[in-house]
Amino acid sequence: MAETTTGRRERKKAQTRQALTDAAVRLFTERGFDDVGVREVAEAADVSLSTLFKHFPSKEALVFDLDADIESALIAAIRDRAPGQPVLHALRDHMVRTRTAVRTDDPTFLLVESTPALRDYARRMWSRHEKALAATLADATGLAADDLAVTGLARFALEVPSLARTSDDPARAVRDLFALLENGWATTTPLARQEDGPGQGG
């Protein structure tokens, strides 16, 4: 009986969260993020303002209800990679698949892309995965979780999608940036080779 009650409670919570997210995306899309208050979202979802804040700590958070799923997928890309596939390649391929496509059929994606406050929030949320990513990289490589090699790689890798989005070809940009992480400056850029040009040798 207790399991049934718990299951019903969890379903109710999930339904409330979904109703709030749906209402928020609809109102923000129709009128603009800055012109809709959280009280209006709560009323549209038929819940109290206090209930809204039990589920979402901020207005921006209403649009980002899949953060745990995003982190799980990021970790799984490394843990479940094909036998023999390098960690960096698995991470690169995951980011090409999930962080470079323009999803014109997804109203939430379009809302975030068109709203500076939401884009900034999305970047902060994405950066929060650094610790979990570093721990997973440590497990995969046998290095310590606080080793600069894994903490640095986790931080740099998470910056790749943000840098790539300014390119005309984000997928190619992700691959190029991961090649830089993998091979280093000297082997991937003509500028580095120029530094060893005339006047540098004996």
Side-chain angles (χ1 to χ4, degrees), residues 1-80 91 94-137 145 154-155 157-166 170 174:
M1 182 66 178
E3 290 184 7
T4 302
T5 302
T6 301
R8 188 181 303 116
R9 188 180 302 118
E10 291 305 312
R11 286 196 299 274
K12 178 65 174 175
K13 286 182 179 179
Q15 289 170 356
T16 300
R17 288 182 67 88
Q18 190 62 55
L20 285 164
T21 295
D22 290 345
V25 171
R26 176 175 57 80
L27 290 171
F28 295 160
T29 300
E30 290 174 355
R31 293 166 44 197
F33 178 77
D34 294 331
D35 294 328
V36 176
V38 288
R39 187 177 298 278
E40 294 176 88
V41 175
E43 291 174 353
D46 197 26
V47 302
S48 67
L49 189 60
S50 61
T51 296
L52 181 152
F53 282 119
K54 284 180 183 178
H55 290 279
F56 298 97
S58 68
K59 182 179 174 182
E60 291 86 355
L62 283 159
V63 183
F64 298 92
D65 198 27
L66 296 176
D67 195 51
D69 294 341
I70 290 171
E71 182 166 290
S72 295
L74 185 65
I75 300 314
I78 297 172
R79 287 183 176 165
D80 302 336
L91 192 54
H94 175 72
M95 289 194 181
V96 168
R97 285 194 307 271
T98 63
R99 310 298 297 186
T100 62
V102 177
R103 301 187 296 276
T104 56
D105 59 341
D106 183 344
T108 302
F109 177 85
L110 296 175
L111 173 65
V112 172
E113 287 299 296
S114 63
T115 310
L118 291 177
R119 288 203 307 271
D120 290 344
Y121 186 84
R123 184 172 182 181
R124 293 196 300 274
M125 292 289 286
W126 176 242
S127 298
R128 289 172 57 189
H129 304 313
E130 181 182 316
K131 185 175 181 180
L133 179 58
T136 305
L137 289 169
R155 178 167 301 182
L158 289 176
E159 287 295 325
V160 165
S162 177
L163 293 169
R165 64 178 293 151
T166 63
V174 167

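Of all non-hydrogen atoms in L49 and V38, the two that sit nearest each other are CD1-CG2, 3.8 Å. Annotation for L20 and A45: closest pair CD2-CB, 3.7 Å, computed over non-hydrogen atoms. The two residues L158 and H129 have their closest heavy-atom pair at CD1-C, 3.9 Å. Closest of all the heavy-atom pairs between P116 and S114 is CD-O, 3.7 Å.
Atom CZ of R39 is surrounded by 12 or fewer heavy atoms from other residues, nucleotides or ligands within 6.0 Å. For D106, the CG atom sits in a packed shell: over 12 heavy atoms of surrounding residues, nucleotides or ligands are nearer than 6.0 Å.
The side chain to side chain contact (heavy atoms under 4.5 Å, CB included) test with L118 singles out one residue from T108, L62, V63, and that residue is V63.
Here T16 contributes atom OG1 and K54 contributes atom NZ; the two are 10.5 Å apart, rounded to the nearest 0.5 Å. The line from CE of M125 to CD of E71 is 10.0 Å long, rounded to the nearest 0.5 Å.
Counting heavy atoms from C-beta on, the side chains of L91 and L133 come closer than 4.5 Å. You'll find the side chain of E40 reaches within 4.5 Å of the side chain of R31, heavy atoms only. Counting heavy atoms from C-beta on, the side chains of K12 and R9 never come closer than 4.5 Å. Looking at heavy atoms from C-beta onward, R99 lies out of side-chain contact with V174 at the 4.5 angstrom threshold. For the pair T136 and L74, the minimum side-chain heavy-atom distance is 4.5 Å or more.
Panel note: side chain T115, backbone V112; no donor-acceptor pair is recorded below 3.5 Å.
Among pairs with a residue in residues 122-132, those fulfilling salt bridge (Lys or Arg N to Asp or Glu O under 4.0 Å) read R123-E159, E130-R155, at least two apart in sequence or across chains. For residues 31-52, the ring-ring contact (aromatic ring centres under 6.0 Å, His included) pairs, not counting sequence neighbours, are F28-F33. Every pair passing ring-ring contact (aromatic ring centres under 6.0 Å, His included) that includes a residue from residues 100-122 is listed here, sequence neighbours excluded: F64-Y121. For residues 37-56, no pair satisfies ring-ring contact (aromatic ring centres under 6.0 Å, His included), with sequence neighbours left out.
Applying the side-chain contact (heavy atoms from CB on, under 4.5 Å) criterion to A76, with sequence neighbours excluded, gives D80. For E30, the side-chain contact (heavy atoms from CB on, under 4.5 Å) partners are R26, L27, not counting sequence neighbours.
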